[in-house]
Amino acid sequence: YDLMNDLMSGGLHRLWKRFALGRTALRPGDLALDVAGGTGDLSAGMARQVGAAGLVCHTDINREMLSRGRDRLIDRGLAKQVRFVIANAECLPFPDRSFDCVTIGFGLRNVTDKPAALAAMRRVLRPGGRLLVLEFSKPTLGALRPVYDVYSFSILPRLGSIVAGDAASYRYLAESIRKHPDQETLLGMMRDAGLEGCRYHNLSGGIVALHRG
């Protein structure tokens, strides 16, 4: 999974996540939530930001993925300030106003009821807290779109087949990116969920966008 992330993005996913982490506004002692946290890159970064006095809840709906994330964070020496919870993004099992920052990195695209997930993440934010949504989006450069489509629908599944033995998952990835709301639509969905001060930053020509509110 991590190898494919590096290969299919040319390592850019690390820069995209670093950009997101630079906008958490977390301080030592804060509480953070990483929804659909996968193998834990954002959780690891936030754990360093909140320090030993803070806490990060690393969640995923997939038990095996959560276990992989836990192993990686233990290997990084960060497990003491991280809790691991199986959770559905649409109905988060946390009290209202629990967290200073909530992140979801490349996970909202896979959620069935996106408005419900955005509302749930807004619900668990403290007043003044911040939601960060890092996700594949729509390229803003017209000349980039046909090249990106060829890469997504032809090269990416082939790469998935060779490296991971799983072309189908990477065909799904391309299809889910195509169906995901574009930048302005997602911005409107965040506002509808009750978030304020919403904005987004296009990364790599809009291939990825960071939305925050």
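Nothing fancy with the numbering, it's 1 onward along the sequence. Bear in mind the structure is a predicted one, so any value in this text is a computation, not a measurement.
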Out of curiosity, does Ile104 fall in the hydrophobic cluster containing Met189 (side-chain heavy atoms, cut-off under 4.5 Å, transitive links)? yes
Joint cluster assignment, Leu210 & Ile177, ILVMFWY side-chain distance < 4.5 Å: yes
4.5 Å side-chain heavy-atom contact, Arg126 and Ser98: no
So does Arg68 have more than 12 non-hydrogen atoms from other groups sitting under 6.0 Å from CZ? no
Heavy-atom distance under 4.5 Å between the side chains of Leu132 and Val102, does that happen here? no
Using the rule given for side-chain contact (heavy atoms from CB on, under 4.5 Å), can you reason through Val111 versus Glu90, listing the C-alpha separation, both sets of side-chain angles and the distance that settles it, and then say yes or no? CA-CA 8 Å; Val111 174; Glu90 298 173 16; 3.5 Å; yes
Interatomic distance, Asp71 atom CG to Thr39 atom OG1 [nearest 0.5 angstrom]: 11.0 Å
Between Leu66 and Arg63, is there a side-chain heavy-atom distance shorter than 4.5 Å? no
Common cluster, Leu42/Phe106, ILVMFWY with side-chain heavy-atom separation under 4.5 Å: no
Heavy-atom nearest pair, Ala47 first then Gln81, reads O-NE2, 3.4 Å
Check Gly40 against Arg76 and note the closest heavy-atom contact, atom names and distance. O-NH1, 4.2 Å
Mind checking the CZ-CZ spacing from Arg23 to Arg18? Nearest 0.5 Å is all I need. 12.5 Å
From CG (Leu131) to CE (Met190), nearest 0.5 Å: 4.5 Å
Side chains of Met46 and Leu21: closer than 4.5 Å at any heavy-atom pair? yes
Could you go through Phe84 and Cys57, starting from their C-alpha distance and side-chain angles, then the distance that decides it, and tell me whether this counts as side-chain contact (heavy atoms from CB on, under 4.5 Å)? CA-CA 6 Å; Phe84 301 90; Cys57 282; over 6 Å; no
I'd like to know whether the aromatic ring centres of His180 and Phe136 sit less than 6.0 Å apart in this structure. no
If you take all heavy atoms of Leu186 and Leu108, which pair is closest and at what distance? CD1-CD2, 3.8 Å
Salt bridge or not for Arg72 and Asp41, using N-O below 4.0 Å? yes
Hydrophobic cluster membership, with links at side-chain heavy-atom distances under 4.5 Å among I/L/V/M/F/W/Y: are Ile61 and Val85 in one? no
Smallest separation among heavy atoms of Ala89 and Ala120, with atom names: O-CB, 3.6 Å
Same apolar cluster: Leu195 and Val133, side chain cutoff 4.5 Å: yes
Do the non-hydrogen side-chain atoms of His211 and Leu134 ever get within less than 4.5 Å of each other? no
Does the side chain of His201 come within less than 4.5 Å of Arg212's, by heavy atoms? yes
Roughly how far, to the nearest 0.5 Å, is the CG atom of Asp75 from the CZ atom of Arg70? 10.5 Å
Which distance, rounded to the nearest 0.5 Å, do you find between the CD1 of Ile86 and the CG of Asp60? 9.0 Å
Counting C-beta onward and ignoring hydrogens, is there a side-chain heavy-atom pair between Leu78 and Arg48 closer than 4.5 Å? yes
Heavy-atom closest pair (Ser137 atom, Pro181 atom, distance to 0.1 Å) is OG-O, 4.4 Å
What distance do Asp96 atom CG and Arg123 atom CZ have between them, rounded to the nearest 0.5 Å? 5.0 Å
Could you list the donor-acceptor pairs under 3.5 angstrom formed by side chains in residues 29-37, with sequence neighbours left out?
{"from": "Asp30", "atom 1": "OD2", "to": "Arg27", "atom 2": "N", "distance (Å)": "2.8"}
{"from": "Asp34", "atom 1": "OD1", "to": "Thr103", "atom 2": "OG1", "distance (Å)": "2.9"}
{"from": "Asp34", "atom 1": "OD2", "to": "Ser43", "atom 2": "N", "distance (Å)": "3.3"}
{"from": "Asp34", "atom 1": "OD2", "to": "Ser43", "atom 2": "OG", "distance (Å)": "2.8"}

Does some side-chain heavy atom of Arg83 sit less than 4.5 Å from a side-chain heavy atom of His58? no
